[in-house]
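Presented below is the structure to which this report refers.
Not measured: the values here are computed from a predicted model.
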Amino acid sequence: MMVRFSRFAFSVALVLICSVSSAQDSGIQDSGTTPPLRVLLVAGGCCHDYATQTQLLKNGIEERINAIVTVVYNPDTTTEAKFEIYESDDWASGYDVVIHDECSANVTEQPYVDRILAAHRGGVPAVNLHCAMHSYRWGDFRKPVETGADNGGWYEMIGVQSTAHGKQSPIDVTYVAGGESIVEGLGNWKTVNEELYNNVRVFGSTEVLATGVQETPAGKKGGKATTSEAAVVWTNQYGPTKTRIFSTTLGHNNETVGDDRYLDLLSRGLLWSTGHLNEHGQPAAGYAK
């Protein structure tokens, strides 16, 4: 009896070892054994339904990857929305990555902005969404800023300087072949009505991952139809630590933010920025759901 039990136990152990080995080889691991990514989502300000979008983002991310999203939401709907969390020098402590989803174009206090940037220069990754690109701007920001200029810090972190957008209409999103693993295997798509942000300057450390083409029909009062093209998804390496920064200008309307294709892209951006996306665009072991 003891011999039979030992052989049985040995067989079970062998199966378990093979199963674990197979899971490790395929990059799959029970997310319950891996601490979740600690994601800080800061949202609020002008022109968007942030109350709804924060929930779409939180739920969409947590359904896709091993992450816990903490939302800091300011219901202020002006371009002067500020966030109490940024008043502390260690505001990003305890988080693995920060999603900037604020729309604060008229917040121009440089010490306030410098505190935000200091965390990212120090190595905290960032994911920037939509109107974050049009926040914290002052001076002659409609012209390309100079590297190192006092009004250029936010743009240098993002990697692209944008200042405006045209009328809303669908955007054809095309991923760049051979780009970062973030976009590997993702299919080109067309958004609902969205805003195409212009590109005033693309910094040298930026890698464009997708471009958007928007056809704007002629207005009712005449005029000509126009076609515009701009980078809509990109990565950047910021500061002396080459902090990973992922950004997309897409995400004005709730229908876009709640779109599976948008949430898949964003989830990959979060994993890439924190070093948990493999070379084939799949979550590292322990981060898949």
Side-chain angles (χ1 to χ4, degrees), residues 97-105 113-114 116-117 120-121 124-169 171-184 186 188-189 191 194-216 226-252 256 262 265-266 268-270 272-273 277 281:
V97 59
V98 179
I99 302 176
H100 290 290
D101 196 20
E102 59 262 55
C103 196
S104 303
V113 178
D114 284 346
I116 304 173
L117 293 175
H120 300 309
R121 280 196 302 272
V124 179
V127 169
N128 305 299
L129 305 182
H130 193 57
C131 199
M133 266 56 83
H134 289 177
S135 295
Y136 312 126
R137 57 192 190 181
W138 60 85
D140 194 1
F141 64 83
R142 296 193 183 280
K143 293 182 179 179
V145 297
E146 297 293 332
T147 301
D150 65 358
N151 70 338
W154 189 250
Y155 293 128
E156 289 183 43
M157 183 274 288
I158 290 170
V160 170
Q161 179 183 355
S162 176
T163 62
H165 59 81
K167 295 180 180 179
Q168 289 193 39
S169 63
I171 298 172
D172 286 305
V173 179
T174 301
Y175 292 112
V176 176
E180 285 281 359
S181 59
I182 298 170
V183 300
E184 183 171 333
L186 296 181
N188 300 335
W189 58 295
T191 72
E194 270 292 326
E195 295 172 343
L196 182 66
Y197 281 22
N198 66 4
N199 301 154
V200 173
R201 178 180 177 184
V202 177
F203 289 79
S205 54
T206 296
E207 180 178 356
V208 175
L209 301 184
T211 58
V213 175
Q214 185 180 60
E215 305 284 345
T216 303
T226 59
T227 301
S228 302
E229 183 173 1
V232 295
V233 183
W234 64 87
T235 61
N236 184 32
Q237 296 187 45
Y238 173 60
T241 60
K242 297 188 181 299
T243 305
R244 288 187 172 193
I245 310 293
F246 171 83
S247 302
T248 178
T249 56
L250 303 173
H252 179 84
T256 301
Y262 183 82
L265 172 66
L266 175 56
R268 286 191 179 196
L270 285 165
W272 173 85
S273 69
L277 190 73

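Taking both residues in full, the closest heavy atoms of V183 and R268 are given as C-NH1, 3.8 Å, listed atom of the first, atom of the second, then distance. A210 and V173 get closest at one heavy-atom pair: CB-CG1, 4.1 Å. In terms of heavy atoms, S273 sits closest to V127 at OG-CG2, 4.2 Å. Considering all non-hydrogen atoms of both residues, S181 and L277 come closest at OG-CD2, 3.5 Å. Across all their heavy atoms, Y262 and L250 have their closest contact at OH-O, 3.0 Å.
L129 contributes atom CG, which lies 8.0 Å from atom CZ of F246 (distance to the nearest 0.5 angstrom). Here the straight-line distance linking atom CD of E215 with atom CD1 of I171 works out to 11.5 Å at 0.5 Å rounding.
Looking at L117 and Y238, their side chains come closer than 4.5 Å, going by heavy atoms from C-beta outward. With contacts defined as side-chain heavy-atom distances shorter than 4.5 Å, the pair I116/Y136 qualifies. For the pair I158/I245, no side-chain contact is recorded, criterion being any heavy-atom separation below 4.5 Å from C-beta on. V113 places a side-chain heavy atom less than 4.5 Å from the side chain of W138. You'll find the side chain of V208 stays beyond 4.5 Å of the side chain of V160, heavy atoms only. The closest side-chain heavy-atom distance from E195 to H130 is below 4.5 Å. Side-chain atoms of T227 and V213, non-hydrogen and from C-beta on, do get closer than 4.5 Å to each other.
Side chain of T241 to backbone of R121: a donor-acceptor contact under 3.5 angstrom is found. Of the possible donor and acceptor atoms, one in the side chain of Q161 sits under 3.5 Å from a partner among the backbone N and O of V145. Without hydrogens or angle criteria, N236 side chain to M157 main chain gives a donor-acceptor distance under 3.5 Å. Without hydrogens or angle criteria, N128 side chain to H100 main chain gives no donor-acceptor distance under 3.5 Å. When atom types are taken as modelled, the side chain of T248 and the backbone of V232 share a donor-acceptor pair closer than 3.5 angstrom. Side-chain N or O atoms of E194 include one that pairs as donor or acceptor with a backbone N or O of H252 at under 3.5 Å. Here the side chain of Q214 pairs a donor or acceptor atom with the backbone of S169 at under 3.5 angstrom. Judged by distance alone, the side chain of R142 and the main-chain N or O of A164 form no donor-acceptor pair under 3.5 Å.
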Margin query: Checking H134 against C103 for the side chain to side chain contact (heavy atoms under 4.5 Å, CB included) test, could you report, in this order, the C-alpha distance in whole Å, the side-chain angles of both residues, the deciding distance, and whether it holds?
Written below: CA-CA 7 Å; H134 289 177; C103 196; 5.7 Å; no
Checklist line | Chi angles and distances behind the side chain to side chain contact (heavy atoms under 4.5 Å, CB included) call for L209, W272 | finding: CA-CA 13 Å; L209 301 184; W272 173 85; over 6 Å; no
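Residues passing the side chain to side chain contact (heavy atoms under 4.5 Å, CB included) test with S135, sequence neighbours excluded: E102, S104, W154. Scored by the side chain to side chain contact (heavy atoms under 4.5 Å, CB included) test, F141 finds R137, Y155, T163 as partners (sequence neighbours excluded). Evaluation of the ring pair (Phe, Tyr, Trp, His ring centres under 6.0 Å) rule for H165 yields Y197 as partners, not counting sequence neighbours.
At a cut-off of 3.5 Å, with distance as the only test, a side-chain donor of R201 or T147 sits close to an acceptor on the other residue.
When each of T211, I182, N188 is tested with Y175 by the rule side-chain contact (heavy atoms from CB on, under 4.5 Å), just one qualifies, namely N188.
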